Amino acid sequence: MSRIVFIGLGTMGLHMARGLAAAGHDVVGMDINAEARAAFPGATALDKTKMGGADIIITMLPEGAHVAQVHDEFLFSGVDVGTLLIDCSTIDVGTARALAASVEAKGSAMLDAPVSGGPAGAEAGTLSFMVGGNEDAFERARPVLEVMGSTITHFGAAGSGQAAKACHNMICGITAIAVTEGFALADSLSLDLNKFYGLCAGAAAQSWALENRCPIPGIVPAAPSSSGFAPGFASALMAKDLRLAQAAAQETGQVTPFGAEAARAFTSFAEEHGQLDFSAIYQTLRALPDQ
Ligand code: NAD
């Protein structure tokens, strides 16, 4: 069993840290927020003295700036050379690569290992991990990642986990808009939307977004639309991930016009409705039909 420091006990991190502790690992939770700390037994503020001697330090923080700040203030010094750093936050590819290079220059190893699966996947230990970093570090991390996730994919060098996450979520964002527009047009044409859902679910329009994020309340009982659009996956997070995909696209010069449009649409929607599930973007096109 490993001694693990887990930094960031928020919506995702709390469940992940609990899962690791339940699997028998010695987990020290850390968070800047007292409310978050209260939910995890023994959790503390960030404390260098408690980071020394850890086998693994996991970060699960909101954005690249937070991950970089924690590295600057705590992880570039005060951490043993043998400690493996795993960043599970969703951040930009450039920051992930730069942090890994700095960590490696000090003789340690770092993996970028963002996740898909949301709070439900974190609680159930069924997250999908997309991992970048060297092979040895990946093999060291694998048993710990397997506690938190059911699909673990090593994509290659540092940053490639974040690259995979950006591309994956760009597909999710674009597909969600396609589903939204399909249902808006179907409603405007007075189609029976239950029948339309049945058609799409059994035909070529089938997708994860359709089956899990149908925007019309009552058609898919487990979809956020059937519960007042409580997330799920908040539109602010979808907007953030789509912007990360655009940053990656700009870096390589790849043209992604629908990704760019999805980033614009979700960023604009999230300005007012950032806490609603991303499928609520339907309401920018059309009022919800009476059920
Ligand atoms: P969250 O905001 O709920 O939790 C982040 C936690 O980090 C908070 O408890 C906050 O207090 C803490 N924190 C912030 N700055 C800190 C610092 N400098 N030091 C220590 N703790 C600090 O976020 P979340 O929903 O758990 O998401 C975490 C990451 O996972 C994000 O990058 C997000 O994009 C990604 N993600 C989220 C979901 C989801 O459905 N929520 C799904 C997949 C990936």
Side-chain angles (χ1 to χ4, degrees), residues 5-19 28-40 43-48 50-51 57-76 78-79 85-93 95-96 99 112-131 145 148-151 161-162 164-173 176 208 212-213 224 229-245 247 263 266-267 270 274-279:
V5 171
F6 200 110
I7 303 174
L9 302 167
T11 307
M12 297 292 288
L14 177 62
H15 291 306
M16 294 161 76
R18 279 180 176 160
V28 179
M30 296 187 188
D31 200 294
I32 47 168
N33 181 301
E35 217 175 294
R37 291 199 294 270
F40 191 78
T44 66
L46 273 68
D47 180 348
K48 261 187 202 177
K50 295 195 170 108
M51 295 180 191
I57 299 181
I58 298 175
T59 41
M60 190 53 167
L61 301 169
E63 305 206 15
H66 305 102
V67 180
Q69 184 219 336
V70 168
H71 276 74
D72 280 344
E73 289 182 23
F74 298 94
L75 304 185
F76 287 148
V79 166
L85 305 182
I86 306 177
D87 180 37
C88 295
S89 328
T90 303
I91 69 170
D92 59 289
V93 176
T95 300
L99 291 175
D112 48 297
V115 302
S116 178
E123 189 167 14
T126 56
L127 292 169
S128 293
F129 280 89
M130 295 149 267
V131 188
L145 300 181
M148 300 181 281
S150 51
T151 308
Q162 296 296 350
K165 169 79 180 174
C167 299
H168 172 272
N169 277 30
M170 188 177 80
I171 292 175
C172 294
W208 182 92
N212 295 277
R213 288 299 190 277
F229 292 100
F233 189 61
S235 51
L237 288 175
M238 177 59 89
K240 172 198 149 187
D241 289 359
L242 290 167
R243 290 194 298 270
L244 290 176
F266 277 108
T267 297
Q275 293 314 311
L276 292 183
D277 185 75
F278 66 95
S279 52

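Quick caveat: nothing in here was measured; it's all calculated off a predicted structure. As the structure lists them, so they are numbered: ligands from 1, and atoms in each ligand from 1.
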Report task. Not counting sequence neighbours, which residues clear side chain to side chain contact (heavy atoms under 4.5 Å, CB included) with Ala166? List them please. Result -> Ala245
Report task. Could you list the residues that satisfy side chain to side chain contact (heavy atoms under 4.5 Å, CB included) with Asn212, not counting sequence neighbours? Result -> Trp208
Query - Interatomic distance, Met238 atom CE to Leu276 atom CG [nearest 0.5 angstrom] - result: 14.0 Å
Query raised in the report: To the nearest 0.5 Å, how far apart are CG in Leu237 and CG in Asn169?
Result: 9.5 Å
Query raised in the report: In terms of heavy-atom contacts, does CD of Glu73 have more than 12 from other residues, nucleotides or ligands at under 6.0 Å?
Result: yes
**Report entry** Residues which pass salt bridge (Lys or Arg N to Asp or Glu O under 4.0 Å) with Lys48, listed by chain and number, not counting sequence neighbours
**Finding:** none
Report task. Report all protein residues having a heavy-atom distance below 4.0 Å to some atom of ligand 1; order the list by chain, then number. Result -> Ile7, Gly8, Leu9, Gly10, Thr11, Met12, Asp31, Ile32, Asn33, Ala36, Leu46, Met60, Leu61, Pro62, His66, Gln69, Val70, Ser89, Thr90, Val115, Gly118, Pro119, Lys165, Phe233, Leu237, Lys240
